[in-house]
> 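One structure coming up, written as structure tokens, with questions to follow.
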2 protein chains.
Amino acid sequence: MNLRDLKYIVAVADCSHFGHAAERCHVSQPTLSGQIRKLEDELGITLFERTKRSVAITPVGETIVAHAREILEQAKTIRQLAQSHQDPLVGPLRIGAIMTLSPYLMPLILKPLRDRLPQMQLVLSEEMTETLLERLRKHEIDAALIATPVDAGEFSTIPLFDEAFWLAHPRNHPFQEKKNITQKDLDNTELLLLSEGHCLADQAMEVCHMKARAEQGDMADLHAASLETLLQLVGVGFGCTLVPDLAVQGIRMNDKDIITRRLQQKDAYRRVSLVFRRSFPRRQALDAFIEVVLDNLPDTVIRLS
Amino acid sequence: MNLRDLKYIVAVADCSHFGHAAERCHVSQPTLSGQIRKLEDELGITLFERTKRSVAITPVGETIVAHAREILEQAKTIRQLAQSHQDPLVGPLRIGAIMTLSPYLMPLILKPLRDRLPQMQLVLSEEMTETLLERLRKHEIDAALIATPVDAGEFSTIPLFDEAFWLAHPRNHPFQEKKNITQKDLDNTELLLLSEGHCLADQAMEVCHMKARAEQGDMADLHAASLETLLQLVGVGFGCTLVPDLAVQGIRMNDKDIITRRLQQKDAYRRVSLVFRRSFPRRQALDAFIEVVLDNLPDTVIRLS
DNA sequence: TAGAATTATCGGTTTTCCCTATATCGGACC
DNA sequence: GGTCCGATATAGGGAAAACCGATAATTCTA
């Protein structure tokens with residue numbers, strides 16, 4: 001059996017005439033006759049009762065043709081489905097982003113994205129870096145926005161932009177008196193950090209030359225689960241923290257108890273990249289997505305392409 | 001696209017491994033790879049995201065494979081349908097019979113038929129000869145039991161048995177005194193007849209050398225619509241009629257006011273045949289049906305095979 | 001009885017499918 | 001780092017199938 005054969009028998013059932021059916025199927029009448037004969041042999045039944053003068057379908061033939069029609073409909077559906085997905089920009093794009101980036105970046109790009117790529121449906125998720133990479137591996141997401149370098153291996157990485165760290169301290173903190181915050185100031189300060197697994201914590205520690213988390217002892221209970229929580233803690237005077245640029249842009253106006261200050265250090269930034277499986281087939285969708293992202297970043301970040 | 005291709009993509013979707021899928025489909029791995037590649041090209045989309053190390057289905061691929069599964073199910077259904085109809089004895093057999101035969105023959109054969117050919121479902125209809133032939137032509141029935149010769153042409157005819165005509169007259173009719181009813185007696189008698197179109201009326205007229213119906217004038221109002229009605233008329237003394245053998249066997253015991261007598265004439269019988277389209281494919285079903293009919297006729301009829 | 005219409009058959013050509021062998025790539029192991 | 005193992009992809013040739021044109025066979029029509 002064969003989709004072609006089914007098309008043939010449906011045509012004959014419709015036309016009750018081998019010649020006309022053959023014409024409809026764009027084959028010669030002998031070809032169509034032969035194929036139908038072969039199908040009948042294969043099924044072991046007579047589908048059409050032929051005389052030299054007429055063609056009539058048998059009762060079994062009738063029910064089988066009904067099934068054949070359904071099959072051909074389904075096949076058409078498959079072709080249409082494929083058709084509508086031929087444009088790689090069309091269809092859902094599943095993007096994951098780290099939690100210290102997503103809430104501040106997404107509001108900037110969602111609307112432009114909807115305007116520029118209305119056919120692309122963005123499916124967002126927020127996870128920590130390791131979880132994102134794991135989900136990439138399991139094909140649960142198509143790409144991840146992270147701020148940690150990954151080995152080439154199975155993934156490709158496209159650097160998007162560098163994002164400076166700002167210092168956030170409470171209104172009446174000693175830092176308020178200082179004009180410039182130096183590397184030394186930072187080194188002597190205990191920062192409030194996000195809980196384990198958040199890359200921001202590691203990056204902050206690196207910037208401040210802090211020791212590994214494991215050696216810090218009882219500071220652990222001050223590790224917050226989200227940047228928002230962290231800023232709340234800063235707001236009520238618990239201490240300072242480092243905040244990436246996009247988050248600063250997002251919060252600066254809202255809270256009078258938090259002072260955010262640019263750091264002078266050259267290396268106080270993190271590099272945000274898009275990571276995806278090297279084999280991901282809709283590369284053009286990613287390129288289009290990247291373009292929208294870069295076009296809608298504030299000028300406080302440094303674009304990399 | 002192709003049923004084989006769909007089988008291939010379902011296999012790959014199930015196995016996530018070209019080699020294993022190829023094994024399941026009993027083809028080599030390059031063959032399967034090539035066909036899937038070709039299908040992807042034809043559809044213009046990527047169904048599977050492959051690395052040298054692994055295979056994962058794309059979202060479009062997922063939905064397409066779902067449709068493919070349904071198609072394959074339908075195809076399986078077709079094959080099963082064909083399978084269960086491969087025995088020509090299986091399935092409905094639509095038999096039409098003339099109204100002067102059906103009520104007396106069918107009771108004799110229905111039970112034996114159900115015993116001997118339980119898989120064959122008999123669909124009965126009763127019509128006049130012309131209507132039966134028309135329905136044969138339109139494939140509405142598969143065969144007809146009639147008592148009139150038909151031209152070979154599109155139909156085949158198998159004679160089944162000869163059925164004698166009996167004379168039926170009321171209890172106190174002049175015929176009662178006679179020991180033998182002669183041809184001459186009949187010729188001088190006006191018979192009650194069935195209404196136009198029933199072959200029995202023509203046959204009775206022929207046996208009695210009656211003139212054509214059109215010339216009979218006001219006898220028309222005594223033409224009955226069924227044999228049972230005719231016999232009721234005989235029973236209440238309206239006149240005589242000819243009754244075919246099987247009907248006599250059916251009614252003889254029931255009515256004390258009707259006398260049935262065998263005719264001595266050699267040609268006072270009608271030939272009952274089975275007629276069917278020459279192209280009808282289930283000839284064996286007809287043969288089996290005929291065998292059951294012949295095996296269950298009373299010995300008062302003369303079997304012809 | 002000739003002609004038109006219709007399905008079946010035949011021989012040869014083209015297309016498709018399939019297989020074996022091999023290339024290529026990525027990961028694992030030493 | 002080299003080598004082997006496990007995957008998928010590619011190439012070439014051979015077998016099967018599908019297809020076509022021409023023609024036969026049959027039946028209806030005029």
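Throughout, protein chains are lettered first and strands after them, A, B, ... in sequence-line order, and every chain is numbered starting at 1.
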> Does a distance-only test, which skips hydrogens and angles, find a donor-acceptor pair under 3.5 Å between the side chain of B:Q29 and the base of D:dA7?
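No, the side chain and the base share no sub-3.5 Å donor-acceptor pair.
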> When the distance from CD of B:E49 to P of D:dT8 is rounded to whole Å, what number comes out?
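The distance from CD of B:E49 to P of D:dT8 comes to 14 Å, rounded to the nearest Å.
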> Find the distance A:R137:CZ to C:dG27:P and express it as a whole number of Å.
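Nearest whole value for this atom pair: 11 Å.
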> To the nearest Å, how far apart are B:L39 CG and C:dC17 P?
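Between P of C:dC17 and CG of B:L39: 11 Å.
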> Taking the minimum atom-to-atom distance to the side chain of A:K38, which one of C:dC18, D:dA18, D:dT8 wins?
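Of C:dC18, D:dA18, D:dT8, D:dA18 is nearest to the side chain of A:K38.
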> Nearest to the side chain of B:S33 - C:dC18, D:dT8, C:dA8?
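Closest nucleotide among those given: D:dT8.
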> Heavy atoms only, 4.0 Å cut-off, all strands: where does B:H26 land among base, sugar-phosphate and nothing?
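Result for B:H26 = sugar-phosphate.
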> Under 3.5 Å, is there a donor-acceptor pair between the A:R270 and A:T100 side chains?
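Their side chains do contain a donor-acceptor pair, which is all the 3.5 Å distance test asks for.
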> Could you state the CD-P distance from B:E23 to D:dG6, rounded to the nearest angstrom?
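One finds 14 Å between P of D:dG6 and CD of B:E23, rounded.
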> Can you identify which nucleotide, out of C:dC19, C:dC17, C:dA21, has its nearest atom closest to the B:P30 side chain?
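Output: C:dA21.
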> Tell me: CG of A:D41 to P of C:dA8, nearest whole Å?
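Nearest whole value for this atom pair: 12 Å.
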> Whether A:T31 contacts D:dC20 is assessed here as follows: a side-chain N or O lying under 4.0 Å from the phosphate OP1 or OP2. Is that the case?
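A:T31 to D:dC20 OP1/OP2: side-chain N or O found under 4.0 Å.
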> Would a 4.5 Å heavy-atom cut-off, applied to side chains only, mark B:F289 and B:L89 as touching?
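When only atoms from C-beta onward are counted, B:L89 and B:F289 do not touch, as no gap falls below 4.5 Å.
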> From C-beta outward on B:V55, which listed nucleotide comes closest to its side chain: C:dC17, D:dT8, C:dC19?
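Closest of the options to the side chain of B:V55: D:dT8.
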> Between A:E40 and A:R50, is there a side-chain N and carboxylate O pair less than 4.0 Å apart?
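Looking at A:E40 and A:R50, the cut-off is met.
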> Whether the B:E126 and B:S102 side chains hold a donor-acceptor pair (N or O, under 3.5 Å, no angle test) is what I'd like checked.
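Short answer, yes.
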> Going 5' to 3' through nucleotides 24-30 of chain D, assign each nucleotide B (protein heavy atom under 4.0 Å from a base atom), S (under 4.0 Å only from sugar-phosphate atoms) or - (no protein heavy atom that close).
--BBS--
> Are the side chains of B:R69 and B:D14 in touch, meaning some heavy atoms are under 4.5 Å apart?
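Yes, at least one pair of side-chain atoms sits under 4.5 Å.
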> Taking only side-chain nitrogens and oxygens of A:R4, does any of them come within less than 4.0 Å of OP1 or OP2 of D:dA17?
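Answer no for this pair, as no side-chain N or O of A:R4 is under 4.0 Å from OP1 or OP2.
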> Within this structure, what is the CZ-to-P distance between B:R37 and C:dC18, rounded to whole angstrom?
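The answer, rounded to whole Å, is 17 Å.
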> Under 4.0 Å between a side-chain N or O of A:R50 and OP1 or OP2 of C:dA8?
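Indeed, a polar side-chain atom of A:R50 lies that close.
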> Between B:G34 and B:H20, who's closer to the 5' end of DNA chain D by nearest nucleotide?
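This one resolves to B:H20.
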> Tell me the interatomic distance from B:L32, atom CG, to D:dT10, atom C1', rounded to whole angstroms.
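B:L32 atom CG is separated from D:dT10 atom C1' by 15 Å.
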> Any luck finding a side-chain donor-acceptor pair between B:S33 and B:Q29 under 3.5 Å?
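The criterion, which ignores hydrogens and geometry beyond distance, is satisfied for B:Q29 and B:S33.
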> Roughly, in whole Å, what's the span from CG in A:N2 to P in D:dA16?
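Answer to the nearest Å: 18 Å.
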> Are OP1 or OP2 of D:dA18 and a side-chain N or O of A:Y8 less than 4.0 angstrom apart?
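No, because none of the side-chain N or O atoms of A:Y8 sits under 4.0 Å from OP1 or OP2 of D:dA18.
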> Any heavy-atom pair between the side chains of B:L304 and B:L160 that's under 4.5 Å?
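When only atoms from C-beta onward are counted, B:L304 and B:L160 do not touch, as no gap falls below 4.5 Å.
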> Is A:H17 close enough to C:dA5 that one of its side-chain N or O atoms is under 4.0 Å from OP1 or OP2 there?
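So the side chain of A:H17 is outside the cut-off, no N or O lying under 4.0 Å from OP1 or OP2 of C:dA5.
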> By nearest atom, which of the nucleotides D:dT8, D:dC19, C:dC19 is closest to the B:F18 side chain?
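Selected nucleotide: D:dT8.
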